[in-house]
Amino acid sequence: MMFVGFLGCYGAIQESQCLLGTFFTCLVILFACEVAAGIWGFVNKDQIAKDVKQFYDQAFQQALMADSETNNGKAVVKTFHETLDCCGPDNAIGAITPLWRDDLCSDQCASLLQSSNCHKKIDELFSGKLYLIGIAAIVVAVIMIFEMILSMVLCCGIRNSSVY
């Protein structure tokens with residue numbers, strides 16, 4: 001992304017048709033990849049949710065077995081817990097309430113009555129909040145279309161301008 005941004009900025013500053021054309025081409029390729037990834041993600045949302053739950057379970061197991069506070073598994077699990085407002089996986093380990101709840105769960109989720117398992121929250125995210133992901137994708141797509149239009153207008157304006 002830094003390279004593509006450099007092409008656009010430097011091409012506009014230098015008034016280079018070649019750099020602006022390359023910037024436009026990169027934007028078209030990125031736009032096509034984002035549309036393809038969005039379609040693939042929408043079609044395979046169940047598989048993606050399953051993979052996210054599996055990733056969470058692996059991080060949770062790693063966090064349970066770790067001794068140090070700087071463990072990556074603990075950081076990932078805490079991020080899941082804080083973001084989704086959940087605590088523990090949907091299995092036998094999640095049903096037991098040993099000492100790990102104080103260490104890994106936020107204060108809001110510490111009680112059993114208020115907390116829900118993260119597997120259910122991940123499913124809700126991919127089924128109930130899918131429209132938010134779609135809105136964000138549409139906003140990004142509209143911005144990229146404007147970038148492409150403006151880069152072509154600038155490129156054509158450079159071509160049609162008189163030389164100093």
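Keep in mind that the numbers below use all heavy atoms, side chains included, and drop hydrogens, waters and symmetry copies. In this text, all values refer to a predicted model and were calculated from it rather than measured experimentally.
A pairwise comparison of heavy atoms in C118 and H81 identifies SG-CD2, 3.4 Å as the closest pair. Of all the heavy atoms in V77 and A63, the pair that sits closest is CG2-CB, 4.1 Å.
V153 and F24 fall within the same hydrophobic cluster, defined by Ile, Leu, Val, Met, Phe, Trp and Tyr side-chain heavy atoms under 4.5 Å apart, directly or through other members. Transitive grouping of hydrophobic side chains (ILVMFWY, heavy atoms separated by less than 4.5 Å) keeps V140 and I133 in distinct clusters. Taking hydrophobic clusters as Ile, Leu, Val, Met, Phe, Trp and Tyr residues chained together by side-chain heavy-atom distances below 4.5 Å, F55 shares a cluster with L84. In the hydrophobic clustering of ILVMFWY residues, with side-chain heavy atoms under 4.5 Å counting as a link, L7 and M148 come out together.
Contact of the L27 side chain with the F31 side chain is not registered, since no non-hydrogen atoms from C-beta on lie closer than 4.5 Å. Using a 4.5 Å heavy-atom threshold, the side chains of L130 and F42 count as touching. Counting only heavy atoms from C-beta outward, the side chains of H119 and D57 approach each other to under 4.5 Å.
Checked against side-chain contact (heavy atoms from CB on, under 4.5 Å), V52 has the following partners two or more places apart in sequence or in another chain: I48, F80, I122, F126. Residues meeting the ring-ring contact (aromatic ring centres under 6.0 Å, His included) test with F6, sequence neighbours left out: Y10. Under the rule for a side-chain contact (heavy atoms from CB on, under 4.5 Å), D46 has no partner lying at least two apart in sequence or in another chain. Partners of L154 under the side-chain contact (heavy atoms from CB on, under 4.5 Å) rule, at least two apart in sequence or in another chain, are A12, L20, I158. Residues that satisfy the side-chain contact (heavy atoms from CB on, under 4.5 Å) test with L30, not counting sequence neighbours, are M1, V4, M144.
Annotation: the span from C156 atom SG to M152 atom CE amounts to 5.5 Å, rounded to 0.5 Å. A distance of 12.0 Å separates OG of S151 from CG of L19, quoted to the nearest 0.5 Å. With rounding to the nearest 0.5 Å, the separation of CG in N72 from NZ in K74 is 12.0 Å. R159 contributes atom CZ, which lies 14.0 Å from atom CD of E15 (distance to the nearest 0.5 angstrom). Separating the NZ atom in K45 from the CH2 atom in W40 is a distance of 13.5 Å, to the nearest 0.5 Å.
Applying the under-4.5 Å side-chain rule to Ile, Leu, Val, Met, Phe, Trp and Tyr, the cluster around V142 extends to I138, F146.
For the 3.5 Å distance criterion, the side chains of Q47 and D51 qualify, holding a donor opposite an acceptor.
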I'd like to know whether K53 forms a side chain to side chain contact (heavy atoms under 4.5 Å, CB included) with D123, so could you lay out the CA-CA distance, the side-chain angles of the two residues, the decisive distance to 0.1 Å, and finally the verdict.
CA-CA 9 Å; K53 286 188 275 189; D123 286 336; 3.0 Å; yes
